[in-house]
Amino acid sequence: MSAALQVTAFGLALLSTFFLLLATCTDCWMVNADDSLEVSHKCRGLWRECVTNMQDGVRTCDQYDSILADHPVKIVVTRTLMITADLLAGLALAALVLGLDCITFLKEDPCVKLKMCYGAGVILGAGSILGLTGSVWYAVDVYMERAMLVSHNIFLGVHYDFGWSCWLGMAGSTGCFVASVLLTCCLY
């Protein structure tokens with residue numbers, strides 16, 4: 001039972017960490033949600049803004065200025081939280097691999113292996129909270145920006161909605177949290 005639970009938690013943690021990394025690296029955290037006939041599809045991310053021409057599929061991207069340049073708070077905070085979540089999830093995966101019962105590392109000391117799995121669960125939980133905070137922070141800021149424009153009757157021609165990268169960050173963080181719960185609460 002314990003080995004099956006460990007492998008399940010490892011598979012979930014691996015997939016969720018991949019989702020977190022993909023969300024951090026991709027550039028579609030905000031998409032234009034205009035219902036009119038648009039000839040282009042706009043995506044804003046943490047690192048750049050891209051526009052795809054819907055007629056011929058040509059995509060052009062503008063990199064943001066230097067990382068040290070002044071950026072909106074939502075981008076800086078989300079970058080920081082997502083990168084930290086990625087690093088913690090990667091560290092937890094490394095510890096979890098060494099703590100799995102099916103790995104021969106430290107086979108003679110099962111108590112240490114169990115502590116490694118528990119520690120990986122705690123680290124994974126911390127990473128999941130940071131990733132979820134970053135994703136939800138960005139989503140709430142997008143919603144507040146849109147609500148402010150609507151409340152002031154300002155129409156700029158394009159309004160943005162949550163992109164698939166934001167949803168991927170939330171899904172990856174939630175998966176890491178579930179894997180953390182499996183490792184910390186259900187393993188004993």
Side-chain angles (χ1 to χ4, degrees), residues 10-94 124 126-179:
F10 174 74
L12 183 60
L14 184 66
L15 182 67
S16 300
T17 301
F18 176 71
F19 283 175
L20 277 175
L21 286 169
L22 196 61
T24 304
C25 296
T26 54
D27 55 5
C28 208
W29 282 73
M30 287 172 52
V31 295
N32 62 330
D34 197 8
D35 292 329
S36 67
L37 297 174
E38 287 286 324
V39 294
S40 63
H41 179 73
K42 299 171 190 78
C43 281
R44 286 187 186 170
L46 302 177
W47 311 103
R48 61 188 174 179
E49 184 173 343
C50 294
V51 177
T52 305
N53 189 328
M54 301 304 278
Q55 294 174 344
D56 57 9
V58 174
R59 183 177 185 192
T60 58
C61 295
D62 292 330
Q63 297 285 341
Y64 293 149
D65 291 337
S66 167
I67 290 178
L68 301 176
D70 288 334
H71 294 289
V73 174
K74 74 177 174 186
I75 289 180
V76 174
V77 170
T78 305
R79 279 181 184 175
T80 305
L81 290 171
M82 293 302 289
I83 289 171
T84 307
D86 294 342
L87 292 173
L88 287 175
L91 178 66
L93 274 178
L124 203 58
S128 71
I129 290 171
L130 292 176
L132 196 59
T133 303
S135 300
V136 170
W137 168 284
Y138 197 91
V140 166
D141 198 61
V142 169
Y143 175 77
M144 294 303 292
E145 180 180 321
R146 192 167 104 193
M148 184 189 68
L149 291 175
V150 169
S151 69
H152 290 98
N153 292 326
I154 299 173
F155 182 69
L156 300 175
V158 173
H159 67 275
Y160 287 91
D161 207 357
F162 315 132
W164 61 270
S165 297
C166 188
W167 291 111
L168 202 59
M170 289 182 201
S173 299
T174 304
C176 284
F177 184 75
V178 170

For [X] against [Y], the heavy-atom pair lying closest together:
X	Y	value
Ala85	Gly131	CB-N, 3.6 Å
Ala23	Thr26	O-OG1, 3.4 Å
Arg59	Thr52	CG-OG1, 3.6 Å
Ala13	Leu124	CB-CD2, 3.6 Å
Val51	Lys42	CG2-CG, 4.0 Å
Cys176	Leu20	SG-CD1, 3.9 Å

Does the Ser173 side chain pair with the main chain of Leu132, one donor and one acceptor, at a distance under 3.5 Å?
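Side chain of Ser173 to backbone of Leu132: a pair is present.
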
Is a donor on one side and an acceptor on the other found under 3.5 Å between the side chain of Trp29 and the backbone of Thr24?
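No; zero donor-acceptor contacts below 3.5 Å.
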
Which residues pass the disulfide (SG to SG under 2.5 Å) test with Cys25, sequence neighbours left out?
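Checked Cys25 against disulfide (SG to SG under 2.5 Å); zero matches.
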
Does Phe18, at its CZ atom, have more than 12 non-hydrogen atoms belonging to other residues, nucleotides or ligands within less than 6.0 Å?
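Not buried by this count: 12 neighbours or fewer within 6.0 Å.
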
Flag if over 12 foreign heavy atoms under 6.0 Å of CH2, Trp164
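Counting neighbours around CH2 of Trp164, more than 12 heavy atoms of other residues, nucleotides or ligands fall under 6.0 Å, so yes.
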
Heavy-atom distance under 4.5 Å between the side chains of Lys74 and Met144, does that happen here?
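No, their side chains stay 4.5 Å or more apart.
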
Got a second to check how far [X]'s [atom1] is from [Y]'s [atom2], nearest 0.5 Å?
X	Y	atom1	atom2	value
Leu88	Ile83	CG	CD1	12.0 Å
Leu46	Ser165	CG	OG	8.0 Å
Asp161	Cys166	CG	SG	9.5 Å
Ser16	Leu168	OG	CG	10.0 Å
Thr17	Leu87	OG1	CG	11.0 Å
Ile75	Asp141	CD1	CG	9.5 Å

Please determine which of Gln63, Arg48, Arg44 meets the side chain to side chain donor-acceptor pair (under 3.5 Å) test together with Asp27.
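Testing each of Gln63, Arg48, Arg44 against Asp27, the sole residue satisfying side chain to side chain donor-acceptor pair (under 3.5 Å) is Arg48.
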
Pair listing, salt bridge (charged side-chain N to carboxylate O under 4.0 Å, His left out) test, anchored in residues 80-90, at least two apart:
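Non-adjacent pairs meeting salt bridge (charged side-chain N to carboxylate O under 4.0 Å, His left out): zero.
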
Can you tell me which residue pairs pass the side chain to side chain donor-acceptor pair (under 3.5 Å) test with a partner in residues 130-140, sequence neighbours excluded?
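For residues 130-140, and leaving out neighbouring residues, there are no side chain to side chain donor-acceptor pair (under 3.5 Å) pairs at all.
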
Cys50 and Cys61: sulfurs closer than 2.5 Å?
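A disulfide, yes.
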
